[in-house]
There are 2 protein chains.
Amino acid sequence: METEITDRGARPVPTLASIAERVGVSVNTVSRALRAPNTVRPELRRRINAAMEELNYVPNRLAGGLSGTRSDIVGVVVTSLYYSEFASIIDTLQSALLESGLQVMLANTRYNADQELKLVRSILSWRPAAIAIIGVDHPPKVVELLKASAIPIIEMWDTDGEVIDTAVGFDHTRVGAAQADHLIARGYRRIAFIGSVRENDRRAQKRLNGLEAAAAVAGLPQVLKHTAQQGGSPALGERLAFELIEGHPEIDAIACNSDVVAFGVLRALKTLGKRVPDDIGVIAFGDNEAAGCVTPPLTTVRPDRERIGKLTAEAILARINGAEPCTTIVEWELVARESTHKKNA
Amino acid sequence: METEITDRGARPVPTLASIAERVGVSVNTVSRALRAPNTVRPELRRRINAAMEELNYVPNRLAGGLSGTRSDIVGVVVTSLYYSEFASIIDTLQSALLESGLQVMLANTRYNADQELKLVRSILSWRPAAIAIIGVDHPPKVVELLKASAIPIIEMWDTDGEVIDTAVGFDHTRVGAAQADHLIARGYRRIAFIGSVRENDRRAQKRLNGLEAAAAVAGLPQVLKHTAQQGGSPALGERLAFELIEGHPEIDAIACNSDVVAFGVLRALKTLGKRVPDDIGVIAFGDNEAAGCVTPPLTTVRPDRERIGKLTAEAILARINGAEPCTTIVEWELVARESTHKKNA
DNA sequence: TGGCATAAAGTTAACGGTAACGCAACGCTC
DNA sequence: GAGCGTTGCGTTACCGTTAACTTTATGCCA
């Protein structure tokens with residue numbers, strides 16, 4: 001029998017060599033037709049492109065990255081993917097990078113420091129062109145690795161602290177202060193703080209610090225804190241609000257770590273018969289898409305995520321092209337809605 | 001002068017060869033100490049590990065992928081990153097894959113077919129171990145590329161159509177039918193559909209089809225459709241609802257393509273003085289985190305995103321290890337809340 | 001003690017590209 | 001028409017790792 005078990009449709013993937021052979025040129029010429037088309041005769045270029053099209057050639061970027069100087073990968077390390085917290089940053093960042101041929105490699109630490117080290121190591125093993133990472137507070141070992149990697153590191157979202165290289169974000173302490181100032185201006189006096197404040201969520205802690213400090217400066221009684229380690233959700237907000245009001249019925253304003261938590265707080269207050277904003281004011285942080293659609297519409301702080309994503313992409317490209325590191329503060333906005341609009345103030 | 005411009009801190013990144021030289025063994029032995037530790041003498045292994053620790057060695061997976069058979073990359077192609085639509089699928093998927101040492105490479109098509117082709121090509125150029133992609137309806141060229149790649153392809157979210165390899169999701173037509181059935185059971189008769197239905201969002205179209213078909217079967221008047229091509233948002237829902245009610249005040253139920261759109265619809269109806277659920281019932285799809293927190297709480301369909309993410313990860317691993325392709329239907333749930341709870345029915 | 005399986009390490013050759021260099025062929029100038 | 005720069009392509013040498021062999025040391029049994 002002559003018939004053998006031949007290629008069962010699993011043809012070997014075409015390489016530059018396949019193309020070269022078919023066209024009758026050297027491998028390097030094919031490579032050049034891709035990287036620097038105008039160094040190849042138009043007619044030859046056409047034939048090469050036709051062959052690529054025909055064989056469905058897809059370049060092997062692992063090989064390209066190993067051989068060349070760049071790897072075209074940008075590592076993106078976030079602390080959470082739930083709820084729109086960072087999704088639109090990633091969205092904008094990804095789209096902007098794509099235009100420059102950079103691919104996003106994603107990692108999610110879930111606010112876990114050990115995980116963060118593991119993930120950063122893992123991402124570094126792909127020899128990325130740059131890394132974008134949430135926050136400026138990282139375990140020492142992570143900082144050491146990132147610094148030693150000698151690639152551009154863009155820290156996003158938070159700018160308050162020791163920046164490794166370049167940062168794009170804002171000062172969360174000021175956000176907390178602004179929340180307090182707003183509540184005070186609206187006539188609230190007994191402020192409480194509710195939310196998920198995980199050990200590694202330094203941003204949440206900073207906002208809380210800012211809130212407390214501003215309240216203290218204004219001579220208000222100490223801010224009551226009722227927090228949990230688990231992730232934020234309406235259910236969490238609801239539970240924490242019930243517990244808080246039961247123990248401290250004198251509270252007249254609640255600042256929430258996130259809109260999602262505030263949604264649950266609003267529901268709890270409604271159940272308890274507390275009127276918002278007249279009995280209790282509620283302010284939050286994040287500008288979730290539903291913030292203006294709950295009852296009453298939620299006063300919150302809107303960080304400009306898309307701008308952060310876009311500026312991060314620009315910073316990455318700039319740094320790759322040799323620009324100096326720098327820190328960019330991105331504006332945020334306190335969106336005053338009905339949940340803090342006390343009528344009898 | 002003897003001093004030259006020496007390495008200014010930019011030490012070359014350590015390679016297996018650096019470690020090998022320092023320990024005094026061959027490169028391959030170091031490689032083995034990593035990949036198959038028990039083929040190396042414990043004492044030697046210890047010295048190798050120590051050297052790696054000391055030099056802060058990070059393996060080069062580009063080289064590993066090029067040389068070896070696997071590349072440890074899983075391409076994940078989604079159609080959107082905004083609002084929690086797919087975020088928690090990615091979250092779960094990423095975490096599950098990480099445990100097996102697989103890294104997620106992310107791409108977002110933004111419901112653009114040209115973009116989808118470009119992105120799939122781009123991802124394939126990293127020679128991924130598998131690809132997970134949203135939907136079963138792709139441009140022919142994309143299907144051709146994916147099939148030719150001979151790697152496991154997991155299509156997520158939708159299962160209704162021609163599956164390339166393996167799918168994990170549900171039938172969106174049935175979701176639409178269930179929405180109609182629910183409205184009918186609750187006593188609504190004149191149903192309208194509102195939402196963002198982009199040309200490439202076949203899932204939205206399927207849900208709409210299911211809704212229309214079920215309404216027709218029940219002998220209801222034809223479903224009024226008022227849609228837009230732009231992305232869904234509360235603002236869009238609000239505008240569409242205003243326009244719809246103005247032209248068709250007889251409408252007594254609105255099915256929305258997504259919760260986010262429904263939030264805007266609820267706001268518009270409130271402005272118009274229409275009572276929900278008594279004058280008009282509202283049902284949506286997605287189970288956004290705020291769905292239970294708006295007024296009235298929104299009846300919606302809750303797909304089990306985390307389960308889809310988890311099952312997708314499992315399917316990827318199974319397929320990599322040689323299991324047969326298969327399609328898994330993931331249950332969803334119609335969460336009946338107040339927005340469709342007509343009192344006088 | 002010789003023979004032979006086994007364990008532990010070394011040797012060599014890819015993997016698929018890129019970059020530096022080399023070398024013809026061509027057109028231009030004087 | 002000799003000299004010279006330019007254009008267009010081929011040669012060669014890696015990039016860092018893995019995989020398939022080969023070699024050497026070790027133990028075991030007859």
Side-chain angles (χ1 to χ4, degrees), chain A residues 11-49 51-52 55-73 101 103 122 124-129 149, chain B residues 11-49 51-52 55-73 101 103 122 124-129 149:
Chain A
R11 240 170 316 149
V13 268
T15 67
L16 280 188
S18 329
I19 312 289
E21 193 184 11
R22 171 173 274 245
V23 180
V25 292
S26 80
V27 171
N28 199 350
T29 304
V30 182
S31 171
R32 258 190 296 247
L34 273 173
R35 306 191 325 274
N38 49 343
T39 63
V40 173
R41 251 182 316 131
E43 184 268 339
L44 183 53
R45 202 193 315 159
R46 263 199 22 259
R47 279 169 51 215
I48 291 177
N49 286 334
M52 286 182 171
L55 295 181
N56 255 334
Y57 173 72
V58 176
N60 185 333
R61 293 224 249 174
L62 294 176
L66 178 59
S67 171
T69 18
R70 292 189 324 279
S71 87
D72 294 348
I73 292 179
Q103 195 95 35
S122 178
L124 282 174
S125 73
W126 293 104
R127 299 296 184 265
S149 72
Chain B
R11 242 170 315 150
V13 268
T15 67
L16 281 187
S18 330
I19 312 289
E21 192 185 11
R22 172 173 273 244
V23 179
V25 292
S26 81
V27 171
N28 199 348
T29 304
V30 182
S31 173
R32 259 192 296 250
L34 272 173
R35 306 190 326 273
N38 49 342
T39 63
V40 173
R41 253 183 313 129
E43 185 268 341
L44 183 54
R45 201 192 318 159
R46 262 200 24 260
R47 279 169 50 214
I48 291 177
N49 287 334
M52 287 182 171
L55 295 180
N56 255 334
Y57 172 73
V58 176
N60 185 334
R61 294 224 249 173
L62 294 176
L66 179 59
S67 172
T69 20
R70 292 188 325 279
S71 88
D72 293 350
I73 292 180
Q103 195 94 34
S122 177
L124 281 174
S125 73
W126 294 104
R127 299 293 184 267
S149 73

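When reading the values below, keep in mind they use all heavy atoms of this one structure, side chains included, and skip hydrogens, waters and symmetry mates. Naming: A, B, ... by sequence-line order, numbering from 1 per chain.
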- line: Output for pair (A/Tyr57 OH, A/Leu34 CG), nearest 0.5 Å, gives 6.0 Å
- prompt: Just by distance, with hydrogens left out, do A/Ser125 and A/Ser122 show a side-chain donor and acceptor under 3.5 Å apart?
  reply: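 Note: A/Ser125 and A/Ser122 side chains miss the donor-acceptor criterion.
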- line: Minimal heavy-atom distance between A/Arg127 and B/Pro14, with the atoms involved, is NH2-O, 4.4 Å
query: Taking B/Ser71 for the side chain and B/Gly65 for the main chain, is one N or O donor matched with an acceptor at less than 3.5 Å?
result: no
Beyond-backbone contact of [X] with [Y], side-chain heavy atoms, under 4.5 angstrom:
{"X": "A/Asn60", "Y": "A/Leu16", "result": "no"}
{"X": "A/Trp126", "Y": "A/Leu62", "result": "yes"}
{"X": "A/Arg32", "Y": "A/Thr39", "result": "yes"}
{"X": "A/Val27", "Y": "A/Glu21", "result": "no"}

[X] [atom1] to [N] [atom2], straight-line distance once rounded to whole Å:
{"X": "B/Asn60", "N": "D/dC14", "atom1": "CG", "atom2": "P", "answer": "18 Å"}
{"X": "B/Leu66", "N": "C/dC15", "atom1": "CG", "atom2": "C1'", "answer": "4 Å"}
{"X": "B/Arg127", "N": "C/dG16", "atom1": "CZ", "atom2": "P", "answer": "8 Å"}
{"X": "A/Ile48", "N": "D/dC9", "atom1": "CD1", "atom2": "P", "answer": "8 Å"}
{"X": "A/Arg47", "N": "D/dG8", "atom1": "CZ", "atom2": "P", "answer": "15 Å"}
{"X": "A/Leu16", "N": "D/dC9", "atom1": "CG", "atom2": "C1'", "answer": "15 Å"}
{"X": "B/Leu44", "N": "C/dA8", "atom1": "CG", "atom2": "C1'", "answer": "9 Å"}

task: Begin with the C-alpha distance, continue with both residues' side-chain angles, and end with the deciding distance and a verdict on side-chain contact (heavy atoms from CB on, under 4.5 Å) for A/Val40 and A/Val25.
output: CA-CA 11 Å; A/Val40 173; A/Val25 292; over 6 Å; no
- request: Look at A/Thr15 and C/dG16 and indicate whether a side-chain polar atom (N or O) is within less than 4.0 Å of OP1 or OP2.
  value: no
message: When you measure from the side-chain N and O atoms of A/Tyr57 to the phosphate of C/dG17, is any distance below 4.0 Å, counting only OP1 and OP2?
response: yes
- prompt: Quick one, which residues of residues 27-42 of chain B touch DNA chain D with a heavy atom under 4.0 Å?
  reply: B/Asn28, B/Ser31, B/Arg35
- request: Would you mind classifying the nucleic acid contact of B/Leu62 as base, sugar-phosphate or nothing, using non-hydrogen atoms under 4.0 angstrom?
  value: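 No contact.
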query: Which angle, rounded to 10°, do you find between the first-five-pair axis and the last-five-pair axis of the helix from C/dT1-D/dA30 to C/dC30-D/dG1?
result: 40°
- request: Let me know, please, whether B/Ser67 or B/Val25 comes out on the 5' side of the other along DNA chain C by nearest nucleotide.
  value: B/Val25
